[in-house]
Protein chains: 2
Amino acid sequence: MAKAMREPTFWILTALVDQARHGYGIIREVTALSDASVTLQAGTLYAALDRLAAEGLVEIDREETVDGRPRRYYRLTDDGATALATETTRLTRNADTAAARLRTRRPGLALGFTTP
Amino acid sequence: MAKAMREPTFWILTALVDQARHGYGIIREVTALSDASVTLQAGTLYAALDRLAAEGLVEIDREETVDGRPRRYYRLTDDGATALATETTRLTRNADTAAARLRTRRPGLALGFTTP
DNA sequence: GCAAATATAAAGATTATCTGAGTATGGGGA
DNA sequence: TCCCCATACTCAGATAATCTTTATATTTGC
(Lines give C-alpha, C1' and ligand atoms only; values in the text may rest on other atoms or scores of the structure.)
Protein backbone atom coordinates (compact mmCIF):
# COMPACT_ATOMS: atom_id res chain seq x y z
CA MET A 1 0.00 0.00 0.00
CA ALA A 2 1.16 3.49 -0.79
CA LYS A 3 2.18 5.40 2.29
CA ALA A 4 -0.20 8.12 3.42
CA MET A 5 0.34 11.51 1.84
CA ARG A 6 0.54 14.62 4.01
CA GLU A 7 -1.90 17.41 3.40
CA PRO A 8 0.39 19.94 1.67
CA THR A 9 1.55 17.23 -0.74
CA PHE A 10 -2.04 16.25 -1.48
CA TRP A 11 -2.99 19.85 -2.25
CA ILE A 12 0.03 20.48 -4.45
CA LEU A 13 -0.84 17.51 -6.63
CA THR A 14 -4.50 18.53 -6.69
CA ALA A 15 -3.59 22.05 -7.77
CA LEU A 16 -1.64 20.64 -10.71
CA VAL A 17 -4.39 18.37 -12.04
CA ASP A 18 -5.85 20.85 -14.50
CA GLN A 19 -2.76 22.71 -15.66
CA ALA A 20 0.93 23.37 -15.12
CA ARG A 21 1.57 26.01 -12.48
CA HIS A 22 4.57 27.70 -10.94
CA GLY A 23 5.27 27.67 -7.21
CA TYR A 24 3.59 30.86 -6.28
CA GLY A 25 0.65 30.00 -8.51
CA ILE A 26 0.27 26.70 -6.65
CA ILE A 27 0.11 28.55 -3.35
CA ARG A 28 -2.71 30.75 -4.61
CA GLU A 29 -4.56 27.86 -6.22
CA VAL A 30 -4.44 25.80 -3.02
CA THR A 31 -5.79 28.72 -1.04
CA ALA A 32 -8.67 28.98 -3.50
CA LEU A 33 -9.28 25.22 -3.75
CA SER A 34 -9.34 24.73 0.00
CA ASP A 35 -11.59 27.71 0.60
CA ALA A 36 -8.73 29.53 2.31
CA SER A 37 -8.48 26.82 4.97
CA VAL A 38 -5.01 25.79 3.82
CA THR A 39 -2.20 28.26 3.16
CA LEU A 40 0.95 26.61 1.88
CA GLN A 41 4.15 27.97 3.35
CA ALA A 42 6.81 28.82 0.79
CA GLY A 43 9.37 26.65 2.58
CA THR A 44 7.04 23.67 2.55
CA LEU A 45 6.08 24.14 -1.07
CA TYR A 46 9.47 24.37 -2.71
CA ALA A 47 10.88 21.54 -0.61
CA ALA A 48 7.88 19.42 -1.56
CA LEU A 49 8.24 20.24 -5.26
CA ASP A 50 11.87 19.11 -5.18
CA ARG A 51 10.88 15.90 -3.44
CA LEU A 52 7.92 15.22 -5.74
CA ALA A 53 10.06 15.86 -8.81
CA ALA A 54 12.65 13.40 -7.47
CA GLU A 55 9.86 10.87 -6.94
CA GLY A 56 8.54 11.46 -10.45
CA LEU A 57 5.09 12.65 -9.39
CA VAL A 58 5.64 16.10 -10.91
CA GLU A 59 8.10 17.40 -13.47
CA ILE A 60 9.28 20.74 -14.73
CA ASP A 61 7.04 21.94 -17.52
CA ARG A 62 8.86 25.12 -18.50
CA GLU A 63 10.58 28.17 -17.10
CA GLU A 64 9.71 31.67 -18.05
CA THR A 65 10.28 35.17 -16.78
CA VAL A 66 7.28 37.43 -16.25
CA ASP A 67 7.77 41.06 -15.25
CA GLY A 68 11.40 40.36 -14.50
CA ARG A 69 10.56 37.52 -12.12
CA PRO A 70 11.55 33.98 -13.04
CA ARG A 71 8.85 31.33 -12.79
CA ARG A 72 9.32 27.59 -12.82
CA TYR A 73 6.23 25.71 -13.95
CA TYR A 74 5.54 22.14 -12.84
CA ARG A 75 3.11 19.66 -14.30
CA LEU A 76 1.62 16.48 -12.90
CA THR A 77 3.03 13.27 -14.37
CA ASP A 78 0.91 10.19 -15.03
CA ASP A 79 2.45 8.66 -11.92
CA GLY A 80 1.46 11.79 -10.02
CA ALA A 81 -2.12 11.57 -11.22
CA THR A 82 -2.25 7.91 -10.29
CA ALA A 83 -0.80 8.61 -6.86
CA LEU A 84 -3.34 11.37 -6.28
CA ALA A 85 -6.17 9.11 -7.43
CA THR A 86 -4.99 6.38 -5.06
CA GLU A 87 -4.74 8.84 -2.22
CA THR A 88 -8.21 10.18 -2.96
CA THR A 89 -9.66 6.68 -2.82
CA ARG A 90 -7.91 6.09 0.48
CA LEU A 91 -9.23 9.34 1.95
CA THR A 92 -12.77 8.53 0.88
CA ARG A 93 -12.60 5.05 2.30
CA ASN A 94 -11.13 6.23 5.59
CA ALA A 95 -13.68 9.00 5.95
CA ASP A 96 -16.53 6.64 5.15
CA THR A 97 -15.34 4.12 7.71
CA ALA A 98 -15.10 6.72 10.45
CA ALA A 99 -18.39 8.37 9.47
CA ALA A 100 -20.20 5.03 9.65
CA ARG A 101 -18.82 4.40 13.13
CA LEU A 102 -19.62 7.88 14.34
CA ARG A 103 -23.22 7.46 13.22
CA THR A 104 -23.58 4.52 15.57
CA ARG A 105 -22.28 6.50 18.51
CA ARG A 106 -25.05 8.03 20.62
CA PRO A 107 -27.71 7.08 18.11
CA GLY A 108 -30.42 9.63 17.50
CA LEU A 109 -28.26 12.57 18.47
CA ALA A 110 -27.11 15.26 16.11
CA LEU A 111 -23.67 14.46 14.78
CA GLY A 112 -20.68 16.65 15.31
CA PHE A 113 -19.76 16.56 11.65
CA THR A 114 -21.45 17.59 8.48
CA THR A 115 -21.18 16.68 4.84
CA PRO A 116 -20.16 19.70 2.79
CA MET B 1 -8.59 25.18 11.62
CA ALA B 2 -7.53 22.02 13.35
CA LYS B 3 -4.20 20.71 12.15
CA ALA B 4 -4.34 17.65 9.94
CA MET B 5 -4.25 14.33 11.75
CA ARG B 6 -1.86 11.60 10.68
CA GLU B 7 -3.24 8.27 9.66
CA PRO B 8 -2.35 6.18 12.72
CA THR B 9 -3.93 8.81 14.96
CA PHE B 10 -7.06 8.82 12.85
CA TRP B 11 -7.38 5.04 13.06
CA ILE B 12 -6.77 4.92 16.79
CA LEU B 13 -9.62 7.35 17.41
CA THR B 14 -11.84 5.49 14.95
CA ALA B 15 -11.14 2.19 16.70
CA LEU B 16 -12.27 3.71 20.00
CA VAL B 17 -15.58 5.11 18.75
CA ASP B 18 -17.69 2.12 19.67
CA GLN B 19 -16.00 0.92 22.85
CA ALA B 20 -13.01 1.22 25.14
CA ARG B 21 -10.08 -0.88 24.04
CA HIS B 22 -6.59 -1.66 25.24
CA GLY B 23 -3.51 -1.06 23.13
CA TYR B 24 -3.20 -4.47 21.62
CA GLY B 25 -6.94 -4.55 21.00
CA ILE B 26 -6.66 -1.26 19.10
CA ILE B 27 -4.00 -2.74 16.87
CA ARG B 28 -6.21 -5.66 15.98
CA GLU B 29 -9.28 -3.48 15.50
CA VAL B 30 -7.45 -1.13 13.14
CA THR B 31 -6.24 -4.06 11.09
CA ALA B 32 -9.84 -5.26 10.79
CA LEU B 33 -11.33 -1.79 10.17
CA SER B 34 -8.85 -0.94 7.45
CA ASP B 35 -9.18 -4.30 5.73
CA ALA B 36 -5.63 -5.17 6.75
CA SER B 37 -4.24 -2.23 4.80
CA VAL B 38 -3.00 -0.52 7.96
CA THR B 39 -1.00 -2.29 10.64
CA LEU B 40 -0.21 -0.09 13.60
CA GLN B 41 3.28 -0.50 14.98
CA ALA B 42 3.45 -0.95 18.74
CA GLY B 43 5.88 1.94 19.10
CA THR B 44 3.60 4.26 17.18
CA LEU B 45 0.52 3.19 19.08
CA TYR B 46 1.69 3.59 22.65
CA ALA B 47 3.40 6.89 21.91
CA ALA B 48 0.22 8.13 20.23
CA LEU B 49 -1.96 7.02 23.14
CA ASP B 50 0.23 8.97 25.57
CA ARG B 51 0.02 12.03 23.36
CA LEU B 52 -3.72 11.74 22.77
CA ALA B 53 -4.32 11.31 26.50
CA ALA B 54 -2.24 14.45 27.17
CA GLU B 55 -4.36 16.29 24.58
CA GLY B 56 -7.55 15.02 26.14
CA LEU B 57 -8.78 13.16 23.06
CA VAL B 58 -8.68 9.80 24.86
CA GLU B 59 -8.55 8.87 28.50
CA ILE B 60 -7.83 5.81 30.54
CA ASP B 61 -11.00 3.82 31.02
CA ARG B 62 -9.71 1.09 33.31
CA GLU B 63 -6.85 -1.29 33.87
CA GLU B 64 -7.28 -4.97 34.29
CA THR B 65 -5.20 -8.10 34.14
CA VAL B 66 -6.31 -10.89 31.88
CA ASP B 67 -4.45 -14.20 31.87
CA GLY B 68 -1.61 -12.65 33.83
CA ARG B 69 -1.14 -9.83 31.31
CA PRO B 70 -1.98 -6.27 32.32
CA ARG B 71 -4.20 -4.32 29.95
CA ARG B 72 -4.81 -0.59 29.95
CA TYR B 73 -8.11 0.37 28.34
CA TYR B 74 -8.63 3.76 26.73
CA ARG B 75 -11.88 5.41 25.78
CA LEU B 76 -12.66 8.27 23.43
CA THR B 77 -13.54 11.56 25.14
CA ASP B 78 -16.17 13.96 23.79
CA ASP B 79 -13.31 16.12 22.57
CA GLY B 80 -11.85 13.09 20.85
CA ALA B 81 -15.14 12.29 19.13
CA THR B 82 -15.44 15.91 18.01
CA ALA B 83 -11.88 15.93 16.71
CA LEU B 84 -12.50 12.74 14.79
CA ALA B 85 -15.73 14.11 13.34
CA THR B 86 -13.93 17.29 12.25
CA GLU B 87 -11.16 15.25 10.69
CA THR B 88 -13.68 13.06 8.90
CA THR B 89 -15.37 16.11 7.41
CA ARG B 90 -12.01 17.43 6.28
CA LEU B 91 -11.06 14.13 4.65
CA THR B 92 -14.37 13.96 2.82
CA ARG B 93 -14.09 17.51 1.57
CA ASN B 94 -10.49 17.05 0.44
CA ALA B 95 -11.27 13.80 -1.32
CA ASP B 96 -14.30 15.32 -3.04
CA THR B 97 -12.28 18.31 -4.25
CA ALA B 98 -9.57 16.11 -5.73
CA ALA B 99 -12.05 13.64 -7.19
CA ALA B 100 -13.93 16.44 -8.95
CA ARG B 101 -10.70 17.72 -10.46
CA LEU B 102 -9.55 14.29 -11.51
CA ARG B 103 -12.83 13.70 -13.30
CA THR B 104 -12.11 16.68 -15.54
CA ARG B 105 -8.70 15.35 -16.47
CA ARG B 106 -8.64 13.43 -19.74
CA PRO B 107 -12.42 13.40 -19.96
CA GLY B 108 -13.96 10.21 -21.26
CA LEU B 109 -11.13 8.02 -20.07
CA ALA B 110 -11.41 5.49 -17.30
CA LEU B 111 -10.31 6.99 -14.03
CA GLY B 112 -7.47 5.63 -11.98
CA PHE B 113 -9.51 5.62 -8.83
CA THR B 114 -12.66 3.93 -7.69
CA THR B 115 -15.29 4.58 -5.11
CA PRO B 116 -15.35 1.77 -2.60
C1' DG C 1 9.91 -27.39 25.08
C1' DC C 2 9.62 -23.85 21.92
C1' DA C 3 7.48 -20.71 18.78
C1' DA C 4 3.83 -17.57 18.30
C1' DA C 5 0.50 -14.54 20.17
C1' DT C 6 -0.51 -11.31 23.76
C1' DA C 7 0.75 -6.89 26.09
C1' DT C 8 3.44 -2.91 27.01
C1' DA C 9 7.75 0.22 27.03
C1' DA C 10 11.33 3.08 25.34
C1' DA C 11 15.40 4.81 22.64
C1' DG C 12 17.07 6.41 18.15
C1' DA C 13 16.33 7.37 13.23
C1' DT C 14 13.57 9.25 9.69
C1' DT C 15 10.95 12.67 7.25
C1' DA C 16 7.62 16.10 6.03
C1' DT C 17 6.30 20.17 7.59
C1' DC C 18 6.83 24.60 10.04
C1' DT C 19 9.28 28.74 11.25
C1' DG C 20 11.80 32.36 10.04
C1' DA C 21 14.91 34.75 7.51
C1' DG C 22 16.87 36.21 3.20
C1' DT C 23 17.15 37.88 -1.84
C1' DA C 24 15.07 40.33 -5.58
C1' DT C 25 11.66 42.69 -8.81
C1' DG C 26 7.58 45.40 -9.97
C1' DG C 27 3.25 47.89 -9.11
C1' DG C 28 0.27 50.99 -6.60
C1' DG C 29 -0.93 54.31 -3.30
C1' DA C 30 0.29 58.25 -0.33
C1' DT D 1 9.20 59.90 -5.10
C1' DC D 2 9.09 56.68 -1.49
C1' DC D 3 7.54 52.85 0.69
C1' DC D 4 4.83 48.91 1.18
C1' DC D 5 2.88 44.94 -0.66
C1' DA D 6 2.56 41.27 -3.87
C1' DT D 7 5.24 38.35 -6.53
C1' DA D 8 8.82 34.64 -6.79
C1' DC D 9 12.12 31.63 -5.12
C1' DT D 10 15.78 29.79 -1.54
C1' DC D 11 17.68 27.87 2.59
C1' DA D 12 18.80 26.69 7.50
C1' DG D 13 17.09 25.04 11.81
C1' DA D 14 13.31 23.39 14.79
C1' DT D 15 9.37 20.50 15.49
C1' DA D 16 6.53 16.48 15.72
C1' DA D 17 4.61 12.17 14.47
C1' DT D 18 5.86 8.04 12.86
C1' DC D 19 9.02 4.08 12.02
C1' DT D 20 12.44 0.89 13.52
C1' DT D 21 14.37 -1.81 16.71
C1' DT D 22 14.97 -3.77 20.99
C1' DA D 23 13.44 -5.20 25.41
C1' DT D 24 10.57 -7.54 28.90
C1' DA D 25 7.04 -10.91 30.42
C1' DT D 26 3.17 -14.22 30.21
C1' DT D 27 0.20 -17.66 28.04
C1' DT D 28 -1.38 -20.75 24.38
C1' DG D 29 -0.82 -24.17 20.95
C1' DC D 30 1.76 -27.62 18.69
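Naming: A, B, ... by sequence-line order, numbering from 1 per chain.
Between A:Glu29 and B:Arg101 there is a salt bridge, since a side-chain N of the basic residue sits under 4.0 Å from a carboxylate O of the acidic one. One finds no salt bridge joining B:Lys3 and A:Glu7 here, because no Lys/Arg side-chain nitrogen approaches an Asp/Glu carboxylate oxygen to under 4.0 Å.
In this structure, A:Arg71 atom CZ and D:dT10 atom P are separated by 14 Å, rounded to whole Å. Per the geometry, CH2 belonging to B:Trp11 stands 17 Å off C1' belonging to D:dT18, to the nearest Å. For the pair A:Leu52 CG and C:dA16 P, the interatomic distance rounds to 9 Å; values are reported in whole Å. Going from atom CD1 of B:Ile12 over to atom C1' of D:dC19 covers 13 Å, rounded to whole Å. Summarising the geometry, the separation between CD on B:Glu29 and P on C:dA7 is reported as 14 Å, rounded to the nearest angstrom. Counting to the nearest Å, the C1' atom of C:dG12 and the CD atom of B:Gln41 are 16 Å from each other. As rounded to whole Å, 15 Å separates atom P of D:dA8 from atom CG of A:Leu40. Taking atom CD of residue A:Glu7 and atom P of nucleotide C:dC18, one finds them 9 Å apart after rounding to whole Å.
A donor-acceptor contact shorter than 3.5 Å is absent between the side chain of A:Thr44 and the backbone of A:Leu40. Proximity of a side-chain donor or acceptor of B:Arg105 to a complementary backbone N or O of A:Val17 within less than 3.5 Å is detected.
Nearer to the 5' terminus of DNA chain C, by closest-nucleotide assignment, is the contact made by A:Phe10 (compared with the other of A:Gly68 and A:Phe10).
Comparing C:dA16, D:dC9, C:dC18 against the side chain of A:Tyr46 picks out D:dC9 as the nearest. When distances are taken from the side chain of B:Ala42 to each of C:dA9, D:dT18, C:dG27, the shortest belongs to C:dA9. Picking from D:dA17, D:dA8, D:dC19 the nucleotide with the shortest atom distance to the side chain of A:His22 gives D:dA8. Nearest nucleotide to the A:Tyr24 side chain, out of D:dA8, C:dA16, D:dT20: D:dA8. Checked against C:dT17, D:dA17, D:dT28, the side chain of A:Ala47 finds its nearest nucleotide in C:dT17. For A:Ala48, the listed nucleotide lying nearest its side chain is C:dT17; candidates were D:dT27, C:dT17, C:dC18. For B:Thr9, counting side-chain heavy atoms from C-beta on, the closest listed nucleotide (D:dT27, D:dT7, D:dA17) is D:dA17.
Dashed line: the shortest gap from a side-chain N or O of B:Arg28 to OP1 or OP2 of C:dA5 is not under 4.0 Å. Residue A:Arg51 places none of its side-chain N or O atoms closer than 4.0 Å to OP1 or OP2 of C:dT14. Between B:Arg6 and D:dA17 there is no side-chain polar atom (N or O) within less than 4.0 angstrom of OP1 or OP2.
In the hydrophobic cluster analysis, where Ile, Leu, Val, Met, Phe, Trp and Tyr join through side-chain heavy atoms closer than 4.5 angstrom, A:Val38 is grouped together with A:Ile12.
Between B:Ala42 and B:Ile27, the closest heavy-atom pair is CA-CD1, 4.3 Å.
Residue A:Arg69 is in base contact, counting any heavy-atom pair closer than 4.0 Å across all strands shown. At a threshold of 4.0 angstrom between heavy atoms, the contacts of A:Gly23 are confined to the sugar-phosphate backbone, with no base atom among them.
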